[in-house]
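Okay, so here's the structure we're looking at.
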Amino acid sequence: MALTYNTATGYTQSSTSSLTRKLWDKLLHNQVQNKLFWKDMIGKDKGGEDSIDESVVNAPIVEKTDLRKNRGDNITLQLHKVLVSGDETAAAYLDAGKTGTQQLVDNEATISAYYMDVPVDLYRHGVLIQGEMAEQRNPADLQKAANDMLSVHLAKRLDDGVFTAFYGKFSPNVWRGGSKTGVAHPNRMYGKNKAALTDVDANDVLDTDVLERASTSVVVNNIAPVSFEGKGSFGLVIHPYGMRTLRADTEFKDSVRQAYPRSKDNPIFTRADGVKYADFYIMEDNRISSEKLWTNAASSNAIGTVNAATVGAGMTATDIRMNIIFGANSIGRAFARESFIRRRKEDDYGNLIGFGGGYIYGDIRADWTPDGGGTAVNQSSFLLSTYSPNPQSNVSTIWS
C-alpha cells in the first residue's frame, strides 16, 4: 500500500494506489436545457377564423389527428377568402354586389380557395449502454436513465421544431426527411419602420416604440388573436438580449409598474416573462434566432449549415434577432403516431443494451397557397427583426 507523508496531513494513502477505493455518488445530474415552451399553446383545429362575432378563434398551434385513423403522409387543409376584400372605404369595395334592378345572374362571385399541406415524417433517436459491465461498474440505473433521457429528448425535439417551423416553414424531421427547401417567412417587420433587413441599425432596439408599431401592423392585417389569461392577445417571443433593451425602456417600466401590484410578483422586479404590453403577451426564450437565411435545401437527410443573412454596413447578423409574433392558427401539426420507445433487439447476447424512440409527425407554418398556384400568404404570424446585441460578450460558453 503506497503511503505518502505530509507535514500538514500526516500519512495518507496515494490516490494512484490500486487499493484506493473509488466511490460514485448515486445521485444523477443532467445537463440543463431549455424548458418546454409551446406545450400549453396546442389545441384542436376548430377553424372559424371568419367569425365577425368572435375575436378569439383558436390556439397558436393546431393539431390534426386524421392520420392516426387513416393512412397517408400529409393532410391538406382548405382556406376560403371572403367574397369581397380590400379597403372598406374604397370604391371597389363599396360597389361590390348588385343593387336595385341590376342583374346578379352571371355576375356572382366565385369561391377563391387556398390550401396548406401538413406533411409528416418519422423521427427517431436512440441511446446505447456499452455492455453489461457498464451497469456493473456504475451505481446509477443506466437503463432508467436512458429511457428518461430519450423521453426528455423527444419532448424537447417537438418543442424546438416549432421555432424551426416559424423560421423555415417545416419542423426539422419533415424538412430533412422530405428533402424540402426552407421557405422564408412572407411577413417581415424590420426595426422601426425600416424597408429591409439591410436598413436595420443600432437604433432599432426592441422597445415600446417597436411594440406600438408592431401592434398596429397585426391589427391592420387582421391577424386573429389567441386567448391569453382569458383575453384576446397576440404572442411575442423575444430573445433575452431584446428583453434587456425592453426593460431599459422607461415607458415600459412605468406601464408594467402601474399594471401590477408593487410586490415580489411584479415582472419589473422579478424579470418574469408573460408581461402584457400593446396587446402583446411578451415571453422570452433563447431559441429566438439571429438573422439567418432559413432557405437551405436539405439533401441526404441533412439540412446543413443555415448561413447568416446579409445585414447593413457596420452591423453583424448575430446582433439582430428574429423575434416571433403569433396569433391563432400559426402552426399546423399533424400526428400519425405518438411517441414510442423500444428496446434494441441486436444485443450481442444481452451485452449491448439500447433503447430507441420516435414518432411520426410534422409541423408547418401556416402559409396558404392559392389553388392553382401563386404567392403564398400568411394570416397568423410575423417575424420582427430588432437590434439585440449581447450585453456581456466576455462570458464563456459552458457547453460546446
Side-chain angles (χ1 to χ4, degrees), residues 15-44 59 61 63 65 67-69 120-165 170-177 237 240 272-273 283-287 301-303 331 333-363 396-400:
S15 61
T16 60
S17 170
S18 298
L19 299 179
T20 300
R21 187 177 181 183
K22 298 176 178 61
L23 296 178
W24 283 71
D25 193 324
K26 292 184 179 180
L27 292 177
L28 187 64
H29 296 263
N30 293 294
Q31 179 182 343
V32 176
Q33 56 188 326
N34 292 317
K35 305 306 177 187
L36 298 183
F37 185 88
W38 302 101
K39 65 174 183 174
D40 296 324
M41 304 187 204
I42 303 171
K44 302 302 180 184
I61 303 171
E63 187 176 280
T65 59
L67 286 173
R68 294 175 182 165
K69 303 174 183 178
V120 298
D121 211 306
L122 175 65
Y123 176 78
R124 294 181 299 162
H125 208 342
V127 181
L128 178 65
I129 301 171
Q130 295 280 6
E132 294 184 87
M133 282 306 297
E135 291 194 292
Q136 174 66 27
R137 295 187 179 111
N138 198 311
D141 186 341
L142 295 185
Q143 293 193 40
K144 180 180 183 302
N147 273 277
D148 290 346
M149 291 173 67
L150 194 54
S151 297
V152 168
H153 171 78
L154 293 177
K156 185 175 179 298
R157 194 75 174 185
L158 285 174
D159 204 61
D160 295 340
V162 177
F163 287 93
T164 305
F170 308 101
S171 54
N173 64 311
V174 171
W175 195 343
R176 292 165 54 190
V237 193
D273 58 7
M283 300 158 279
E284 65 176 330
D285 194 282
N286 63 7
R287 283 168 285 185
N301 289 318
I303 294 175
I331 298 290
R333 167 171 289 181
F335 257 109
R337 183 181 299 174
E338 298 283 9
S339 59
F340 58 85
I341 294 181
R342 299 168 181 158
R343 182 156 178 163
R344 173 173 169 159
K345 293 182 179 179
E346 300 82 359
D347 60 3
D348 189 22
Y349 296 93
N351 193 46
L352 296 177
I353 304 169
F355 298 92
Y359 31 58
I360 301 176
Y361 94 107
D363 283 343
S396 59
T397 300
I398 297 175
W399 301 100
S400 60

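This structure is a prediction, so every number in the text was calculated from the model and none was measured.
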Next item on the list: Verify, without hydrogens or angle tests, whether Tyr359 (side chain) and Leu154 (backbone) share a donor-acceptor contact under 3.5 angstrom.
Entry: yes
Notebook entry, point to check: Atom CZ in Phe355, atom CD1 in Ile341: separation rounded to 0.5 Å?
Noted result: 8.5 Å
Next item on the list: Please assess Ile331 against Trp38 for the test side chain to side chain contact (heavy atoms under 4.5 Å, CB included), listing each intermediate value before the final yes or no.
Entry: CA-CA 11 Å; Ile331 298 290; Trp38 302 101; over 6 Å; no
Margin query: What's the separation between atom CG in Asn173 and atom CG in Asp121, rounded to the nearest 0.5 Å?
Written below: 6.0 Å
Next item on the list: To the nearest 0.5 angstrom, please state how far the CZ atom of Phe340 sits from the CZ atom of Arg124.
Entry: 7.0 Å
Checklist line | Close side-chain approach of Arg176 to Phe170, heavy-atom, < 4.5 Å | finding: no
Checklist line | Donor-acceptor contact below 3.5 Å, side chain Ser171 vs main chain Asp363 | finding: yes
Margin query: Which heavy atom of Gly43 sits nearest to which heavy atom of Ala59, and what is that distance?
Written below: N-CB, 3.6 Å
Checklist line | Leu150 and His125, any side-chain heavy atoms less than 4.5 Å apart | finding: yes
Next item on the list: Find the distance between CG (Leu158) and OH (Tyr361) and round it off to the nearest 0.5 Å.
Entry: 5.0 Å
Note to self: On a heavy-atom basis, which atom in Tyr123 and which in His153 lie closest, and how many Å separate them?
What the structure shows: OH-NE2, 2.8 Å
Checklist line | Taking every non-hydrogen atom, the tightest pair across Glu63 and Ile42 | finding: OE1-CG2, 4.1 Å
Margin query: Please identify which of these residues, Arg287, Lys39, Arg333, meets the salt bridge (charged side-chain N to carboxylate O under 4.0 Å, His left out) condition with Asp159.
Written below: Arg287
Check: Would you say Phe37 and Val237 make side-chain contact, with heavy atoms under 4.5 Å?
Finding: yes
